[in-house]
Amino acid sequence: MYRLSELNIQQQQAVTAGLGPVLVMAGPGSGKTRVLTQRIAHLIDTLAVSPYNILAVTFTNKAAREMETRVVNMLGDQARGLSLGTFHATCARILRREAEHLPLNANFVIFDADDQVCLVKRVLADLDLDEKKFRAPGILGSISRAKNELLVPEDYPLQTYRDEVVKRVYMRYQEMLTANNAVDFDDLLLWVAWLLEGKAAVRDKYARRFEHVLVDEFQDTNMAQYVLLKHLASFHGNIFVVGDTDQSIYRWRGADYRNVLRFEKDFPATQLILLEQNYRSTQAILDAAMAVIDQNPQRTRKELVTERGAGAKVIYYEAYDERVEASFIIEEIAKRVRQKVAKPGDFAIMYRTNAQSRVLEEAFLQAGLPYKLVGAQRFYGRREIKDVVAYLRLVHNPQDEISLARVINVPPRKIGDKTWQSLLTHAHQSGISPADVLLHLGNDGADHRQAFSGRAARTLAGFGRLLSEWRGLASGMPPLKLLDRILEDVDYSSYINDGTDEGQERWENVLELRRLATEFSEQPLESFLERVALVSDQDTIEATASVPTLLTLHAAKGLEFPVVFIAGLDEGTLPHSRSFEEPEEMMEECRLLYVGMTRAKDLLYLVYPLHRNTFGYSEPTIPSRFLEEIPPDILEDRTVGRAGYSSGRSRGSLPAPDRWPNRAAAHARILEQRYPPGSRVVHPVWGEGLVLNSKIEDDDEVVDIFFEDIGLKRVAASLAKLELKA
DNA sequence: GCATCGGATTTTTTT
DNA sequence: AATCCGATGC
């Protein structure tokens, strides 16, 4: 059951706001998820709106799941029928239902970033364009931007020769998607916006159904999303959006925080509600965050207040380089865990670019401390996962040439490039898809056989037979069973698990995908594929982490942690060098830091490395401009060899080298061998192992240990908590 | 058809 | 430094 009395006045106002458009400006930690979920409960329970007539959209599955859980906790079965999901998943559902109005059938697959690049490369080759001159990711960026602005190829504006090229590629790319019975991420939104705009009957159907439309993170919507929301809410006009322009960090994805201003203009009777009370952070953290965001011009100043008290000062630390930065962070975590003032799961380490995680990971590994890295890409981008998913996609939608190309010779079955090319040529000449040719050959159809050499025809027919069998099984089978059948038929395990450590790891990833498939035993293959295509990085975060979390600042949005480290606060990293040209982009970098800082509940660390390794060379850095605006008296400078906060953060000048501890001096010096070869040791994470080798290096003992299950590992004795076994 | 080598290229952020 | 790509050789 839900209780209004637990909300503050503004939150209550938002939850119980009357009909019509409502805009809730919600600062960080102001309880916006709470407002959204209570609003839904209020609509259903108090106003007796049927859940069937309510649509709530978020940006990540995690946010959607969290809202769903909370609503179900309040209402139980009463909430059944509610439409709650991400923009992309919601659109996918609508498109499958309305496929008859589209040049697609309901089995369409969703192409991910890699597939898109593959497809564009093919288009470039088709059009005889130089792939070096016109890079696929760059072209895709332009296409994506156009799609987010609802620009179809025909309307692509031409100002330069490059535009001309992009337009031609865009056109052909779109044709190829259709031929593959596929859509990309942007299409999910674009097609729905197109349907709602162009097909009055479809628009009416949904606009009448959704009496109430609720939107989370509204500042991150792009034009396509804005337009489709407008259409969805066009009949009843009850649109309730929650957002914070200060947390707009997806400009590069087409998001436009000015949609918030547009909203007020398009819906003149909008009720505006401000949530400024912060329930998350200490005042010290909020003051520092406000100092950062306030330097953003053209913005209505907002006061963030908390009742949590002043709290500890924000800690500032200058590290010699990224490695010292990492060991400082780990030492701090270890210290606080030892002191029992925090649990490992309380910590998050945030950074601007994924590449920065590497040094941090290495430091964790060396210290023998477990951690969790956020990033769906890390898992779903893996070769073995893409292979297996491609098989499933192909079975579901044989027109998917990208998946076919991926698996036709994986594991190797003697179908090389030559055979593949002649398959493609023959298919196009016959006006059918390559997979159809395969299926024909597999079913002993004679009509296509003469197009290939005897050997090629036999191998192709063999694969066609397999594909045809799988297709026959697919409809009546849970995704897991089909997956197992494919793995067995192609003997994928012996292909990927080749006896090396890497092979072992790859096979374990496949098993992890298998585990995920078990959750879809009651659902069709389509649902499983959609889930795999639309996972977000955030979705990989466990609700209750028991170890420190490493994540990008972007992935951190919407989350909170007791202790937050923000690493790499140097010019070029944060703000990122790619943002120097555009003032708008520089402002977004500023907001990005603000988002990160406001994730912290109790303690915030800002870390600046004086040197950074780029392309193998260590170079001196300049401290982030955003640090300058934080008043020194609200920071605690923990830089070694410096008392208190010094304003002399020398821009560009090199520090005296002897003032900075090197790695070896940062921890206790070890001068004597303690783990001789042959001794058995216990490692906190990897368990028991045998010491193979050990040497003293840089006042530390470097130990090579063989672990039964893990293999050979090299650790630093000063960091890894090794225990000698008698 | 596959492995190996050398050279270019790399760093935003992600549904 | 590490990875990816293409060309070359087997």
Side-chain angles (χ1 to χ4, degrees), chain A residues 57-64 85-92 110-114 116-117 121 131-132 135-138 140-141 144 147-148 183-190 217 220-222 224-225 248-255 322 350-359 362 374-378 380-381 383 408-421 455-456 459 530-540 551-557 568 570 572-580 582 585-586 588-589 591-593 595-596 612-618:
Chain A
V57 279
T58 63
F59 275 86
T60 65
N61 294 299
K62 182 169 187 283
T86 65
F87 269 101
H88 290 84
T90 303
C91 287
I110 300 164
F111 274 7
D112 68 17
D114 283 348
Q116 293 182 48
V117 170
K121 280 186 175 166
E131 207 193 285
K132 286 262 147 53
R135 304 210 161 269
L140 270 168
S144 176
K147 287 186 173 184
N148 290 330
V183 298
D184 64 18
F185 291 128
D186 301 317
D187 280 343
L188 289 168
L189 310 173
L190 182 69
E217 307 278 14
D220 285 331
T221 52
N222 61 33
Q225 285 158 332
S248 159
I249 54 172
Y250 284 106
R251 191 184 119 89
W252 49 274
R253 211 167 72 184
E322 302 141 287
M350 303 175 186
Y351 38 81
R352 178 63 178 82
T353 67
N354 281 309
Q356 289 169 262
S357 72
R358 194 178 200 122
V359 180
E362 279 167 8
V374 174
Q377 203 47 20
R378 286 282 180 303
Y380 290 96
R383 178 165 62 105
I408 195 163
N409 202 29
V410 172
R413 51 176 73 88
K414 305 224 157 30
I415 303 178
D417 194 47
K418 213 160 161 209
T419 311
W420 169 241
Q421 287 304 332
R455 210 184 82 177
T459 48
E530 197 163 299
R531 164 63 187 284
V532 171
L534 297 179
V535 275
S536 73
D537 278 358
Q538 272 201 1
D539 298 335
T540 65
L551 72 178
T552 63
L553 287 161
H554 281 89
K557 198 173 66 159
D570 53 300
T573 305
L574 183 62
H576 195 272
S577 49
R578 298 276 261 250
S579 67
F580 288 170
E582 256 318 301
E585 285 187 17
M586 183 56 76
E588 185 149 304
E589 298 291 305
R591 293 194 292 264
L592 195 50
L593 176 56
V595 165
R612 178 172 293 285
N613 257 54
T614 26
F615 306 138
Y617 299 100
S618 179

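Labels below follow one simple rule: chain letters A, B, ... track the order of the sequence lines, proteins then strands, and each chain is numbered from 1.
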Within the 4.0 Å heavy-atom criterion, would you say [X] contacts the bases, only the backbone, or no part of the nucleic acid?
X	result
A/Arg358	sugar-phosphate
A/Asn61	nothing
A/Phe59	sugar-phosphate

For the pair made of [atom1] in [X] and [atom2] in [N], what is the distance, rounded to whole Å?
X	N	atom1	atom2	value
A/Glu589	B/dT11	CD	C1'	12 Å
A/His554	B/dT15	NE2	P	11 Å
A/Leu140	B/dT15	CG	P	17 Å
A/Arg251	B/dT15	CZ	P	20 Å
A/Arg253	B/dT13	CZ	P	13 Å
A/Leu188	B/dT14	CG	P	19 Å
A/Leu553	B/dT11	CG	C1'	15 Å
A/Arg612	C/dA1	CZ	P	17 Å

### Query
How far does NE2 of A/His88 sit from OG1 of A/Thr60, to the nearest 0.5 angstrom?
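Going from NE2 on A/His88 over to OG1 on A/Thr60, the span is 12.0 Å.
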### Message
Working note: A/Asp187 + A/Lys147, criterion side chain to side chain contact (heavy atoms under 4.5 Å, CB included); need CA distance, chi angles, decisive distance, verdict.
### Response
CA-CA 7 Å; A/Asp187 280 343; A/Lys147 287 186 173 184; 2.8 Å; yes
### Query
Can you check whether A/Thr573 has a side-chain N or O nearer than 4.0 Å to OP1 or OP2 of B/dT11?
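Checking A/Thr573 against B/dT11: no side-chain N or O falls below 4.0 Å of OP1 or OP2.
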### Query
Does A/Asn354 have a side-chain nitrogen or oxygen under 4.0 Å from the phosphate oxygens OP1 or OP2 of B/dT13?
yes
### Task
Report the C-alpha separation of A/Tyr250 and A/His554 in whole Å, then their side-chain angles, then the decisive distance to 0.1 Å, and conclude whether the ring pair (Phe, Tyr, Trp, His ring centres under 6.0 Å) test is met.
CA-CA 8 Å; A/Tyr250 284 106; A/His554 281 89; 5.3 Å; yes
Please pick, from [options], the nucleotide with the shortest atom-to-atom distance to any side-chain atom of [X].
X	options	value
A/Asn409	B/dT11, B/dC2, B/dT15	B/dC2
A/Ala355	B/dC2, B/dT11, B/dT13	B/dT11
A/His88	B/dT14, B/dT15, B/dC2	B/dT15

### Query
Are the ring of A/Phe87 and the base ring of B/dT15 both nearer than 5.5 Å at their centres and tilted by less than 30°?
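Given the distance and angle limits, no, they do not stack.
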### 5' priority, DNA chain B, between A/Arg135 and A/Leu189 [closest heavy atom]
A/Arg135
### Query
Taking atom P in both B/dT13 and C/dC4, what distance in whole Å separates the two?
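Result for the P pair: 15 Å, nearest Å.
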#### Entry: Any side-chain heavy-atom pair of A/Thr459 and A/Arg413 under 4.5 Å
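SC-SC contact between A/Thr459 and A/Arg413 ruled out.
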#### Entry: A/Asp570 vs A/Thr573, side chain to side chain donor-acceptor pair (under 3.5 Å): CA-CA, chis, key distance, verdict
CA-CA 6 Å; A/Asp570 53 300; A/Thr573 305; 3.0 Å; yes
